[in-house]
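Worksheet: one structure, shown below.
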Amino acid sequence: MKQRVLFIDRDGTLVIEPPVDYQLDALEKLEFYPKVMRNLGFIRSRLDFEFVMVTNQDGLGTPSFPEETFWPAHNLMMKTLAGEGVTFDEICIDRSLPEDNAPTRKPRTGMLQKYLDESAYDMAHSFVIGDRATDVELAKNLGCRAILLQEDKSLLAGDRMLEEVCVLATKDWDRVAEFLFAGERRAEVRRTTKETDIHIALNLDGNGQCCIHTGLGFFDHMLEQIGKHGGMDLEITVKGDLEVDEHHTIEDTALALGDCIYQALGSKRGMERYGYAVTMDDCLCQVCLDFGGRPWLVWDAEFLREKIGEMPTEMFLHFFKSFSDAARMNLHVRAEGANEHHKIEGIFKALARALKMALKRDIYHFELPSSKGVL
């Protein structure tokens with residue numbers, strides 16, 4: 001069996017990169033990245049990755065960065081990590097300056113040639129973890145994937161190739177460990193009938209990025225609440241028979257979205273399972289749900305207007321019924337208030353927050369949340 005590898009940057013990834021001079025050249029500058037020890041210790045003990053540190057240390061050994069200022073802090077860092085079960089199979093330090101264009105300097109692979117042996121190493125299922133675009137570029141050059149320790153991928157400046165290589169962008173080591181241990185929760189659904197053509201792509205563990213086009217502006221706005229407030233990336237494209245009316249577009253989108261969430265949940269291990277939420281201005285909106293595998297809808301919300309935007313209010317109940325059926329989810333919805341727009345938007349936001357709560361995973365208690373042993 002071929003070996004997987006985690007190529008881990010040092011400054012900005014294991015430890016906080018010192019501001020101003022970016023050199024960890026004194027003990028008082030040593031500060032570990034939040035939650036790195038607990039999570040790397042978990043990954044080291046529970047998964048089968050080799051650990052390889054890959055770091056550029058500009059001019060190490062020259063007057064601008066003497067050896068005697070580097071090693072005390074570095075050795076203390078390594079000793080502290082080892083005490084928490086985090087050891088490295090190899091440490092690769094490039095000492096060159098950027099203008100040297102050395103083949104060993106990240107993102108070049110000169111220090112890592114042995115890992116390109118396809119008979120021994122599985123680069124397709126290996127990762128580079130770092131905080132700079134050069135770390136993502138290193139992953140591309142190695143033929144593996146990247147985890148970027150940034151809030152989002154804006155650092156990649158829209159480079160599509162690098163964005164495809166970067167499978168996760170987060171500053172939270174909890175998210176990194178969850179991703180590596182429990183995997184991605186993504187799904188893609190295509191539903192095509194004589195009445196609608198729907199494509200949905202979903203990442204349950206995203207950042208709330210949405211791109212939604214159903215042909216119904218208010219419906220788009222409501223679906224965006226699910227992605228934005230649920231913390232999931234959501235792409236929805238719908239071509240429906242709006243020349244007839246809105247019914248098929250709304251119903252079929254609900255069915256496809258529910259199915260997409262159901263598929264993305266996978267084994268459901270470690271998830272919270274239950275969720276509930278929220279108020280909005282004059283309205284009190286409550287959405288409680290359970291991913292227990294038994295679909296059911298209880299609906300307690302009345303609307304006096306015939307339409308909100310282009311969306312018939314009679315379709316709200318129909319959307320949530322179709323959605324709960326396809327997601328195999330028990331769903332209770334209750335709303336009261338005077339403003340019809342606020343009422344339905346509050347319901348969608350409450351749904352989003354309830355989903356976010358229920359979908360949360362705990363890799364340290366990675367069990368099926370059911371006394372039955374099945375969901």
Side-chain angles (χ1 to χ4, degrees), residues 200 202 204 208 210 212 214-232 234 236 238 240 242 245-262 265 271-360 369:
I200 297 180
L202 171 71
L204 293 182
C210 297
I212 299 172
T214 67
L216 299 169
F218 184 75
F219 191 33
D220 291 353
H221 183 46
M222 294 300 99
L223 293 170
E224 186 178 5
Q225 306 309 310
I226 296 176
K228 183 67 176 178
H229 294 283
M232 60 185 77
L234 186 58
I236 301 178
V238 182
L242 295 177
D245 70 4
E246 305 87 352
H247 187 105
H248 299 137
T249 290
I250 296 169
E251 178 184 29
D252 289 4
T253 299
L255 290 169
L257 179 58
D259 186 36
C260 204
I261 289 178
Y262 178 75
L265 282 174
M271 70 177 292
E272 290 291 333
R273 176 178 167 179
Y274 301 98
Y276 52 90
V278 77
T279 64
M280 182 171 179
D281 296 338
D282 58 300
C283 299
L284 174 63
C285 303
Q286 297 171 309
V287 173
C288 299
L289 58 85
D290 171 23
F291 280 105
R294 299 185 302 278
W296 193 270
L297 174 67
V298 175
W299 178 266
D300 184 9
E302 293 184 359
F303 294 89
L304 302 179
R305 288 169 55 180
E306 180 181 352
K307 284 189 173 186
I308 300 179
E310 315 97 321
M311 194 169 177
T313 54
E314 68 177 9
M315 289 302 299
F316 294 149
L317 183 152
H318 205 62
F319 172 88
F320 283 90
K321 175 65 168 64
S322 299
F323 178 64
S324 64
D325 284 350
R328 283 72 157 178
M329 173 177 60
N330 181 204
L331 186 60
H332 286 238
V333 179
R334 182 179 182 182
E336 55 187 63
N339 187 293
E340 305 284 80
H341 183 123
H342 289 166
K343 196 185 299 181
I344 189 57
E345 185 168 346
I347 289 173
F348 271 89
K349 286 181 176 177
L351 171 66
R353 300 301 295 186
L355 285 170
K356 185 173 184 178
M357 185 181 300
L359 296 172
K360 184 178 179 182

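Partner of Phe348 under the side chain to side chain contact (heavy atoms under 4.5 Å, CB included) criterion, chosen from Gln225, His221, Glu224: Gln225.
Going from atom OG1 of Thr214 over to atom CG of Asp252 covers 12.0 Å, rounded to the nearest 0.5 Å. Lys228 NZ to Lys349 NZ: the interatomic distance, rounded to the nearest 0.5 Å, is 11.0 Å. Atom CD1 in Ile226 sits 5.5 Å away from atom CZ in Phe323 (nearest 0.5 Å). Here the OG atom belonging to Ser322 is positioned 11.0 Å from the CG atom belonging to Leu257, to the nearest 0.5 angstrom. One finds the CG atom of Leu331 at 13.0 Å from the CH2 atom of Trp296 (value rounded to the nearest 0.5 Å). Distance check, rounded to the nearest 0.5 Å: CE of Met271 to CG of Leu359 gives 5.0 Å.
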Report task. Under the side chain to side chain contact (heavy atoms under 4.5 Å, CB included) rule, what do Glu246 and Met311 come out as? Steps first, then yes or no, please. Result -> CA-CA 7 Å; Glu246 305 87 352; Met311 194 169 177; over 6 Å; no

Query raised in the report: Can you check side chain to side chain contact (heavy atoms under 4.5 Å, CB included) on Val298 and Asp300, steps first, answer last?
Result: CA-CA 7 Å; Val298 175; Asp300 184 9; 5.6 Å; no

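A perpendicular orientation is assigned to the rings of Phe303 and Phe316, their planes being inclined by more than 60° (bins at 30° and 60°). Phe218 and His341 have perpendicular rings, their planes meeting at more than 60° on a 0 to 90° scale where under 30° would count as parallel.
Distance alone, capped at 3.5 Å, places no donor-acceptor pair between the Asp259 side chain and the Ala326 backbone. Checking side-chain atoms of Gln286 against main-chain N and O of Tyr276 turns up no donor-acceptor pair under 3.5 Å.
In summary, the side chains of His318 and Glu314 do not present any donor paired with an acceptor at a separation below 3.5 Å, with no hydrogens or angles considered.
Side-chain contact between Thr313 and Ile344: absent, with no pair of heavy atoms (C-beta onward) separated by less than 4.5 Å.
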